[in-house]
Engineer: 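Dumping the structure here so I can ask a few things about it.
Start at 1 and go down the list; that is how both ligands and their atoms are numbered. The figures that follow rest on heavy atoms only: side chains count, while hydrogens, waters and symmetry mates do not.
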Amino acid sequence: MATKDTFIGAKFIGSFLSHEDLPTDEGDEIAFCGRSNSGKSSAINALTKNKKLAKISKTPGRTQSINLFCLKNDENKRLIDLPGYGYAKVSKSKRQEWGLIIDEYLNLRKSLRGLVIIMDIRHPFKDSDQMLMNWCQETQTPFLILLNKADKISRNKSHSELEKTKKLMKGVTVHHEIIAFSSKDLLGLGNVNRCLEGFLSL
Ligand code: GDP
């Protein structure tokens, strides 16, 4: 169960091609990142209960811009949809360009309060996911790992993946949470709500 309806009714602010185009850097933001096709758009849609908010791409890797959403009643609390990474079918230079957009956002944006790192529970911890976690640890940025698409595996397997991930996080000192999630059947949604409200100090 969700603690409140904090993220329902979130509004699209706009798409921006680089950090310098973003709206004023004030308030509080949570950034969503993950490999292409990990289910980033679906997770944002599940959280906001709006199936059309973040476009669910049929072609992975299409989201190249930074998409901003704000909470219904507070423009200074935002959700940030960063470009998906690791999509093999785009050129190397395109991939580098997306990497740079993500890099700049993470290192320059003062409003960033927490990161959601979305992974497919069946293929977690690819290189880029690992790099993001290391960055969170170095910069003491709280993060949430969403082990997404948990509906694709059995409950037992999902539980063991969760335990395995917790063990991997043993040395991590910055605040972090790990949640087995499914945007299809909304498994874990209440806990995600609670965690993200915490990031925004709500
Ligand atoms: P993005 O590229 O990371 O934004 O990923 P999308 O949200 O566009 O999802 C990629 C594909 O995975 C789509 O076909 C979604 O329907 C599917 N998908 C996303 N989340 C889930 C989930 O929790 N369960 C299942 N079964 N499929 C999912």
Engineer: Would Leu187 and Asp151 satisfy side-chain contact (heavy atoms from CB on, under 4.5 Å), going step by step from the backbone distance to the final call?
Structural biologist: CA-CA 8 Å; Leu187 175 84; Asp151 59 283; over 6 Å; no
Engineer: Taking the minimum heavy-atom distance to atom 1 (P) of ligand 1, which of Lys149, Lys184, Lys40, Arg35 ranks first?
Structural biologist: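 Nearest heavy atom to atom 1 (P) of ligand 1 lies in Lys40.
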Engineer: Above 12 or not: heavy atoms from other molecules or residues under 6.0 Å from CD of Glu75?
Structural biologist: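 Open.
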Engineer: By number and element, which atoms of ligand 1 are closer than 4.0 Å to a non-hydrogen atom of Asn37?
Structural biologist: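 This gives 1 (P), 2 (O), 3 (O), 5 (O), 10 (C), 11 (C) as the contact atoms.
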Engineer: Would you say the side chains of Asp120 and Ser38 form a donor-acceptor pair under 3.5 Å?
Structural biologist: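 No donor-acceptor contact under 3.5 Å links the two side chains.
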Engineer: Name each donor-acceptor pair under 3.5 Å that joins a side chain in residues 168-176 to protein atoms two or more places apart or in another chain, with its distance.
Structural biologist:
unit_1	atom_1	unit_2	atom_2	d
Thr173	OG1	Gln137	NE2	2.8
His176	ND1	Val174	O	2.9

Engineer: Does the pair Lys167/Glu163 count as a salt bridge with the N-to-O cut at 4.0 Å?
Structural biologist: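 A salt bridge is absent here (no side-chain N lies under 4.0 Å from a carboxylate O).
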Engineer: Can you figure out which of Gly34, Gly84, Cys33, Ser42 has its heavy atom closest to atom 15 (C) of ligand 1?
Structural biologist: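 Nearest heavy atom to atom 15 (C) of ligand 1 lies in Ser42.
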Engineer: Checking contacts here: is it the side chain or the backbone of Lys152 that comes within 4.0 Å of ligand 1, counting heavy atoms only? Could be both or neither.
Structural biologist: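 Side chain only.
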Engineer: Examine the proximity of ligand 1 to Asp151 and report which part, side chain or backbone, both or neither, has a heavy atom under 4.0 Å away.
Structural biologist: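 The part of Asp151 near ligand 1 is the side chain, not the backbone.
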Engineer: Please list, chain by chain and in numerical order, all residues satisfying ring-ring contact (aromatic ring centres under 6.0 Å, His included) with Phe199, sequence neighbours excluded.
Structural biologist: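 With neighbours one apart ignored, the set is empty.
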Engineer: So is Ser183 touching ligand 1 or not, going by heavy atoms under 4.0 Å?
Structural biologist: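 Heavy atoms of Ser183 do come under 4.0 Å of ligand 1.
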Engineer: Considering only heavy atoms, does Asn148 approach ligand 1 within less than 4.0 Å through its side chain, its backbone, both, or neither?
Structural biologist: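 Answer for Asn148: side chain.
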Engineer: When you compare ligand 1 with Gly39, is there at least one nitrogen or oxygen pair between them that comes in under 3.5 angstrom?
Structural biologist: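 Indeed, backbone or side chain, Gly39 has an N or O that close.
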